[in-house]
Amino acid sequence: MLELFTFNAALLLLGVFSLYLLSLAIYRLYLDPIAKFPGPKLAALTLWYQFYYDVLKQGKYTVEIEKMHEAYGPIVRINPYELHINDPDYYDNLYVGGSVRKTIRYGWATRMFGKTSSTLGTISHDLHRIRRGAIAPFFSKQSVQKLEPEVQLVIEKLISRFHALQGSDTSINLIDAFSALAGDVISQYTFAQPYGLMDSPDFAPWWHKAWIEISKNSHKFTQFGWLEPTLRMMPLFVVKVLSPPMVALIEMQDSLKKQVIEVKTELQAGRKNTGQRTIFHDVLTNDNIRPEEKGTEHLKNEAQLVVAAGTVTTAQTLATTSFYLIENPPILEKLQQELGTVMKTEGQRPDWQQLEQLPYLTAVIHEGLRIAYGIMHRLQRISPDEAIQFNEWTIPPMTPVSMSAKMLHDNPKIFPNPRSFSPERWLQPSPYRLENLAYCELYLALAAVFAPGGFRLELFETDISDVETPHDYVNPCHRAESKGIRVRVK
Ligand code: HEM
């Protein structure tokens, strides 16, 4: 009797669940406000479609979205909630400032690196403005110029490491070397304490590896919002077994938190900061910034964002640009001729302002940023209050809409033969002004590494398959078997 009851109850539950799934499918396919948008039905039905490509096939949904555009046109519904646009002319209509309309971030996607109060993870339009406003002055062109000598010091260290290896058989992985450079620059610039990565004999390969491993978790963290908070609650030795990259993240968060507390204690004791100011001093002593943006937990999150944002993107751009310069002697020669006009003696280091005036170096940097993609994953924006228009399509308010740098940068109509490295395409006067810490690093580092008359870098067991990034783990990622972009110093 009990068995029959249990059987019937299970049957009933199954029936109710099937009915729920059927209603959900009908809603998503026919009744949802974005049901009319083109795209594969399976993608509209369930997020498991994206899970298959991003988690099981390892960061391949972006490539799949590209195929959807080929089949369905410039706007597609890529999952039950989100639309994706592949039309470069629309870029300035989607990513708008507050004076055009309010825009909010997509909460589901902001948890890609875990739940955070950082500027990047802030959903609300108004709160984002406040938080961004609190840290923006620290990264203004004026601030970067003030701290340029600190950046130059770190670059000088890299150059002396290259000199020390000149003529030896030792190969250097440029991805590790530039990650160490970017990590030391951002920590020196922001916290007045370089991490000392450049002092490691092999350029601390664990540093780049940790960020890539963390990136590899991004799709799982987005799909399963409970995963990151659960891992965070566990003892460290359990996390070490379940998700080694999380350990690096937790340890870094702890050290950043310690630093915030130290600065707070220093300020409370009325001690004056006699050394280089840090981003924490700047925020904590600014009376115009609300107490909410001065909380220890929030400042720790913000610091982590800055370190993460400042490391992988910059290193990836520098390593990729270097590969193409070494691979293309005529381009390198042209660059060195131009650099020779401001670098007349060995070791002469022009400042950022001088280097910015060089049109070919500027074109090389633009082309490096284009070909390396920066952030590969699509970036969603939501218009909370008003519908937005794309061609004949009216997109309802609160719909996440995204575009992807990969598709914009590889668009053959704007960039003919897009996977070839051609700085010439940027030689016309550009409307873009390159002025933040990343650009300062790109100008100073490329000028120093490729200075005329110094050492020469030669590729070592590296080809284009070590440079291309077939995996979108938010950051563009190389094939797993690649040993890096390796060079020998001649
Ligand atoms: C080549 C180097 C870099 C590239 C390609 C790059 C690219 C990007 C992109 C595409 C975003 C927008 C993300 C979004 O809208 O959701 C972003 C945000 C951000 N980046 Fe970078 N970045 C680079 C270097 C840096 C550096 C060196 C720093 C630190 C000084 C930095 C700090 C930030 C911050 C704080 C945000 C969040 C801004 C916000 O949410 O308003 N980035 N970066």
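Both backbone and side-chain heavy atoms feed into the values below; hydrogens, waters and symmetry mates do not. Just follow the structure's listing: the first ligand is 1, and inside any ligand the first atom is 1.
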Answer whether the closest heavy-atom distance between the side chains of Ile34 and Pro396 falls below 4.5 Å.
yes

Under 30°, 30 to 60°, or over 60°: which ring-plane class applies to Tyr61 and Tyr49, parallel, tilted or perpendicular?
perpendicular

Do His219 and Gln50 have a side chain donor and acceptor closer than 3.5 Å?
no

Identify the protein atoms, limited to N or O, that lie within less than 3.5 Å of an N or O atom of ligand 1, and list each pair with its distance to 0.1 Å.
from, atom 1, to, atom 2, distance (Å)
ligand 1, 15 (O), Arg381, NH2, 2.7
ligand 1, 40 (O), Arg105, NH2, 3.2
ligand 1, 40 (O), His128, NE2, 3.1
ligand 1, 41 (O), His128, NE2, 2.9
ligand 1, 41 (O), Arg132, NH1, 2.4

Pairs involving residues 368-380, ordered by first then second residue, that meet salt bridge (charged side-chain N to carboxylate O under 4.0 Å, His left out) (sequence neighbours left out):
Glu82-Arg378, Glu367-Arg370

Indicate the atoms forming the closest heavy-atom contact of Ala480 with His471, along with that distance.
N-NE2, 4.5 Å

Distance-only donor-acceptor check, side chains Asp466 and Ser482, under 3.5 Å
yes

